[in-house]
There are 2 protein chains.
Amino acid sequence: MDAIDRKILAQLVNDSALTSEQLGARVGLSPSAAHRRVKALEEDGLILGYRARLSSAAQGNPSTVFVSVTLVDQRQATMMAFEAALARTTQVREAHLMSGESDYLIKVLVRADDSYERVHREILSALPGVHRLVTQFTIRTLAAGD
Amino acid sequence: MDAIDRKILAQLVNDSALTSEQLGARVGLSPSAAHRRVKALEEDGLILGYRARLSSAAQGNPSTVFVSVTLVDQRQATMMAFEAALARTTQVREAHLMSGESDYLIKVLVRADDSYERVHREILSALPGVHRLVTQFTIRTLAAGD
DNA sequence: TTTCCTTGGGAACGCCAATGCGCATCGCTC
DNA sequence: GAGCGATGCGCATTGGCGTTCCCAAGGAAA
């Protein structure tokens with residue numbers, strides 16, 4: 001991990017469809033050297049994989065909702081069951097165990113052809129161990145991060 | 001946009017390094033047909049691009065912090081200046097204009113070799129138009145979403 | 001100084017992306 | 001119901017790029 005590796009990672013985070021030739025030109029390396037670096041970064045586990053970035057339309061023009069979740073208790077079994085159920089939902093895109101008032105902060109994407117009322121009732125309220133849900137609606141998202 | 005296109009998008013979101021042959025096999029199409037579909041999805045703007053997914057180590061083993069931001073006022077100039085400054089930071093990975101108490105909810109990644117105290121003092125507090133910052137720390141992140 | 005190790009560039013090889021072609025299917029029109 | 005255009009498939013081909021080889025250059029250790 002030197003300066004060139006960091007430049008390579010920065011480039012590939014922006015656009016992983018670059019050819020080795022283009023990548024090499026941007027970081028000051030020959031195509032073969034750049035390619036070798038990338039392969040090494042993959043094998044070292046620094047690059048986990050590659051994924052397509054979808055337009056908002058391709059995701060159903062979703063709106064983002066943040067929900068603070070409080071569980072009925074903080075026993076390990078309760079938390080594990082809750083987290084396992086979370087992983088099976090498709091709407092929950094992020095989940096963080098939080099310090100402070102509530103237990104979890106989750107980010108939920110609600111498709112435009114769906115309703116938050118339904119998601120709240122059928123999905124979120126149905127999660128095991130949920131005691132309280134506090135919803136924060138977003139008006140506009142600036143940087144999605146993904 | 002039919003069922004096959006949706007399957008293709010689902011595959012490429014998970015792994016965009018698939019060859020056309022692999023992709024075709026997974027969605028029930030020949031390599032050439034799968035390739036044509038992908039190109040069409042790109043040209044229609046449904047696929048915005050491709051990016052590498054980095055390991056936590058490659059990002060400096062960061063911890064996630066959510067910050068609720070209240071601005072001094074909600075004049076358009078104030079909000080635009082704040083948002084423009086946000087876009088220039090590297091630590092802020094997500095930003096949402098929110099309904100309710102505070103104006104923005106932002107997700108901040110703090111590298112393990114950095115300190116939130118410094119980020120709070122030198123970066124967040126320095127953003128233009130900031131009136132109040134309320135920080136929520138994460139203990140553990142389950143699904144990063146990106 | 002010699003040797004080894006790392007990392008670079010250049011070139012050959014093989015695979016896959018990219019495209020043209022023919023054909024099947026579907027839907028519209030007469 | 002027959003004809004026709006459009007759409008989208010699979011197959012085959014080509015060319016570009018990923019992949020891997022080899023060799024050279026530089027630095028560190030002996």
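Owing to the predicted nature of the structure, the values given are computational and were not obtained by experimental measurement. Throughout, a chain's letter reflects where its sequence line sits, starting with A, and its residues are numbered from 1.
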Interatomic distance, CG@L109(A) vs OG@S63(A), rounded to 0.5 Å, equals 7.5 Å

Span of DNA chain D, from the first to the last nucleotide whose atoms fall under 4.0 Å of chain A heavy atoms: dG18(D) to dT20(D)

For DNA chain D, whose closest nucleotide is more 5', that of P31(B) or that of S32(A)? P31(B)

Strictly by ring-ring contact (aromatic ring centres under 6.0 Å, His included), give each pair with a member in residues 21-69 of chain A just once, sequence neighbours left out. F66(A)-H96(B)

Taking salt bridge (charged side-chain N to carboxylate O under 4.0 Å, His left out) as the cut-off, I'd like each qualifying pair that reaches into residues 65-74 of chain A, sequence neighbours left out, listed once. D73(A)-R75(A)

Would you please name every residue forming a side-chain hydrogen bond (donor to acceptor under 3.5 Å, both in side chains) with R36(A), sequence neighbours left out? none

side-chain hydrogen bond (donor to acceptor under 3.5 Å, both in side chains) partners for D114(A), two or more places apart: R118(A)

Show every salt bridge (charged side-chain N to carboxylate O under 4.0 Å, His left out) that has at least one partner inside residues 57-67 of chain B, sequence neighbours left out. none

Which pairs pass salt bridge (charged side-chain N to carboxylate O under 4.0 Å, His left out) with one or both residues in residues 10-28 of chain A, sequence neighbours excluded? none

Using a 4.0 Å cut-off on heavy atoms, which residues in residues 9-24 of chain A reach DNA chain C? List them by number, or say none. none

Which residues pass the side-chain hydrogen bond (donor to acceptor under 3.5 Å, both in side chains) test with S99(A), sequence neighbours left out? none

All N/O contacts under 3.5 Å from nucleotides 4-8 of chain C to the protein, with atom names and distances to one decimal?
residue: dG8(C); atom: OP1; partner: R37(A); partner atom: NE; Å: 3.3
residue: dG8(C); atom: OP1; partner: R37(A); partner atom: NH2; Å: 2.5
residue: dG8(C); atom: N7; partner: R36(A); partner atom: NH1; Å: 2.9

ring-ring contact (aromatic ring centres under 6.0 Å, His included): which pairs involve residues 118-143 of chain A, sequence neighbours left out? Y116(A)-H120(A), Y116(A)-F137(A)

Partners meeting side-chain hydrogen bond (donor to acceptor under 3.5 Å, both in side chains) with E101(B) (sequence neighbours left out): none

